[in-house]
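Just follow the structure's listing: the first ligand is 1, and inside any ligand the first atom is 1.
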Amino acid sequence: MIDWSQGSYESTAADLRPAARELVDAARIRPGEHVVDLGAGTGNVALLAADLGARVTAVEPAARLREVIQEVSGARDLTVVDGTAESIPLPDGSADVLLSNFAAIFAPDPKAAIDELARVTAPNGRILLTAWLPGGVDELVGIMVGAVREVTRKGSDESTEGRFDWHDPGTLAAHLGPHGFALSATPRDLTTVTASAEEYWSTRIANHPLGVATFPILEQAGRLDEVRTRVFDLIAERWTEPSGEVRLPARYLLAEATR
Ligand SMILES: C[S@@+](CC[C@H](N)C(=O)[O-])C[C@H]1O[C@@H](n2cnc3c(N)ncnc32)[C@H](O)[C@@H]1O
């Protein structure tokens, strides 16, 4: 599992803030509800939910990010705990609302994660999560992930074995349905803006926890320069304004499961 304490996640967290806002708005949180922010990162969702008067538990596996949340939480009703989507340290049925902004999607065992999300959510509770749809930022990440897979010989083919499409409402409904949830979902847009491709590369890729974890592998295999060139070419071709500014579009699914 990648350690998200590495490098700097903070600039990406700022990019994801509008999606966190949409997720929290969609959850229609009432004061006093117990809200769990799963994979809370630097606390984008947890802080917004606490400001609405919720009792919030932020679950985050990365130690450094837990410290960041703790530092910014101030006097809010916000508890920070260590945990993962597959192992949430909370009692059965204790969450009125379980939110996960681009985080449950990183669970190495997605089916165990779904079971765990359902276990922790109250009998009349709701789960809302976001997941990237193909295209845009997902295409860039695909270049990196594809190269790492080739290098580590984990297969670069399009095999779907073991794949779990968090962005597919059908997949989510098939796995949450047996736990009594009904699913609704809508696609949303999110654009990341940086002053240049170089800025995007240094602040959103090279220093991102996923970049910090994978660059040494690509470098050792002599693939890093090629990957960098492909990323820059794609950004130049598709997402660079005449001014040099980069506007990287992304689409994601906002899914809500209620029971
Ligand atoms: C893209 S970040 C999103 C963070 C935050 N939700 C936000 O809106 O900025 C992904 C987060 O998922 C966490 N994560 C990674 N693996 C996880 C797992 N198995 N279960 C729960 N969270 C996980 C990471 O530590 C990281 O904080």
Please walk me through it: do Asp165 and Arg163 pass salt bridge (charged side-chain N to carboxylate O under 4.0 Å, His left out)?
-> CA-CA 6 Å; Asp165 289 330; Arg163 204 175 85 183; 3.1 Å; yes

Pairs under 3.5 angstrom, nitrogen or oxygen on both sides, ligand 1 versus protein: list them out, please.
{"from": "ligand 1", "atom 1": "6 (N)", "to": "Gly39", "atom 2": "O", "distance (Å)": "2.8"}
{"from": "ligand 1", "atom 1": "6 (N)", "to": "Asn101", "atom 2": "O", "distance (Å)": "2.9"}
{"from": "ligand 1", "atom 1": "8 (O)", "to": "Asn44", "atom 2": "ND2", "distance (Å)": "3.4"}
{"from": "ligand 1", "atom 1": "8 (O)", "to": "Asn101", "atom 2": "ND2", "distance (Å)": "2.9"}
{"from": "ligand 1", "atom 1": "9 (O)", "to": "Tyr9", "atom 2": "OH", "distance (Å)": "2.6"}
{"from": "ligand 1", "atom 1": "9 (O)", "to": "Asn44", "atom 2": "ND2", "distance (Å)": "3.0"}
{"from": "ligand 1", "atom 1": "19 (N)", "to": "Glu86", "atom 2": "OE1", "distance (Å)": "3.3"}
{"from": "ligand 1", "atom 1": "20 (N)", "to": "Ala85", "atom 2": "N", "distance (Å)": "2.8"}
{"from": "ligand 1", "atom 1": "25 (O)", "to": "Glu60", "atom 2": "OE2", "distance (Å)": "2.6"}
{"from": "ligand 1", "atom 1": "27 (O)", "to": "Gly41", "atom 2": "N", "distance (Å)": "3.4"}
{"from": "ligand 1", "atom 1": "27 (O)", "to": "Glu60", "atom 2": "OE1", "distance (Å)": "2.7"}
{"from": "ligand 1", "atom 1": "27 (O)", "to": "Glu60", "atom 2": "OE2", "distance (Å)": "3.3"}

For the pair Arg28 and Glu33, find out whether any cationic side-chain nitrogen is under 4.0 Å from an anionic carboxylate oxygen.
-> no

Apart from Val68 itself, its cluster of hydrophobic side chains linked below 4.5 Å comprises none

Listed once per pair and sorted, the ring pair (Phe, Tyr, Trp, His ring centres under 6.0 Å) pairs that draw on residues 109-148, sequence neighbours left out = Phe102-Trp132

Between the side chain of Arg76 and the main-chain N/O of Ala46, is any donor-acceptor distance below 3.5 Å?
-> no

For Val193, the other hydrophobic cluster members (4.5 Å side-chain criterion, sorted by chain and number) are none

